[in-house]
Amino acid sequence: MKTFIKVLFILSLIGIFSTLFFLPINEQKPEKHEIKVVTTIFPAYDIARSISKDTDVQNKMLIQPGSDLHNYEPSPRDIVDIKDSDIFIYNGGESEEWVQKIISEIDTTNTIIIRMMDSVELKVENKDGILEQEVKEAEGTEEQEEYDEHIWTSPKNAIKIAESIAQAFKNSNPDNTATYQRNLVNLTKEMNKLDEGFHELANKKTGTLIVADRFPFKYFVDEYGFDYVAAFPGCSDQTEASAKTIAELSKLIIQNQEKVIFHLELTNTKIAQTLADSTGARQLTWHSLHNVSLEDFNAGYSYVDIMTKNLSNLSEALHDRITN
Ligand SMILES: [Zn+2]
């Protein structure tokens with residue numbers, strides 16, 4: 001028994017010493033093959049996760065699952081994580097103006113920085129098909145044309161972003177180049193399949209997509225040519241539509257016999273509900289992939305999973321009248 005207690009005592013001493021000495025050393029000098037990635041938003045997080053599959057990587061998404069990325073502000077811990085990262089991936093639009101300031105103020109010599117908006121051809125923010133335009137005159141400034149930041153909504157763009165992210169991984173850890181390349185090829189295959197699916201649907205489409213919400217899908221609709229009408233622009237924080245907008249959407253639904261009204265994920269569905277109640281059309285989600293709920297995050301839903309669901313929901317909206 002005494003021996004047993006001695007063994008326990010020695011083991012606990014080893015435990016304490018490990019905590020005191022070994023762990024801090026490990027923290028200061030992470031093992032060579034481990035890559036620390038910090039990503040701002042879900043599409044960056046998820047694409048980095050796919051590219052680094054089967055490798056030793058630590059991937060941290062800065063925005064909390066379920067939160068609105070447009071209101072995100074980095075905490076001191078987030079800034080330290082960006083500084084300590086091997087790869088930092090951000091989108092680089094209007095919602096992430098804080099990034100430039102942070103990376104100009106911290107030492108990023110050991111960090112590969114990827115701005116996703118550098119990977120694709122940018123488009124100015126959408127006004128077509130939007131019923132309520134944002135009023136910026138109140139701020140005393142002329143309305144400026146800004147680049148639309150929702151580049152990831154087009155799977156073609158997502159492929160280009162994945163290529164940039166894969167290159168960053170290869171540069172950061174050349175030993176794993178073959179794995180990153182294999183993961184890129186697999187992801188590209190899946191995204192191309194989605195792209196084909198959306199093109200196929202666009203060729204067969206009948207009707208107009210009715211979005212009783214914001215509309216951050218300019219890159220998407222430009223790629224495939226779907227007809228749509230939406231209440232608000234992409235990053236608008238408006239949630240109340242005017243009576244005129246509700247009436248216009250309602251008229252369209254009835255005239256065109258649309259069977260589906262879309263709202264975005266993690267959003268106020270009041271307008272969609274009002275329209276559903278008055279027209280009998282049903283609500284479906286058109287996921288913009290700004291962020292995912294905590295439940296979906298924990299379940300490991302990916303960009304491809306969510307886009308596949310979008311394809312099915314859009315298909316339901318555009319095919320209903322053919323079958324009815
Ligand atoms: Zn947005």
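When reading the values below, keep in mind they use all heavy atoms of this one structure, side chains included, and skip hydrogens, waters and symmetry mates. Residues: numbered from 1 along the sequence shown. Whatever order the structure lists them in is the order used to number ligands and atoms, beginning at 1. Here the structure is a predicted model, which is why all the values come from computation and not from measurement.
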- Salt bridge check: are Arg282 and Glu316 linked by an N-O gap of less than 4.0 Å? yes

- Item | Residues in salt bridge (Lys or Arg N to Asp or Glu O under 4.0 Å) contact with Lys309, at least two apart in sequence or another chain | none

Taking only distance into account, with no hydrogens and no angle test, what donor-acceptor pairs under 3.5 Å do side-chain atoms of residues 246-254 form with protein atoms, sequence neighbours excluded?
none

- Query: Asp277: what forms a salt bridge (Lys or Arg N to Asp or Glu O under 4.0 Å) with it, not counting sequence neighbours?
  - Reply: none

- Given Tyr45, which of Leu62, Val37, Thr39 fulfils the side chain to side chain contact (heavy atoms under 4.5 Å, CB included) condition? Thr39

- Answer yes or no: is there an ion pair linking Asp222 with Lys123, defined by an N-O contact shorter than 4.0 Å? yes

- Item | N, O or S atoms of the protein lying under 2.8 Å from the Zn ion (ligand 1) | His70 NE2, His150 NE2, Cys235 SG, His290 NE2

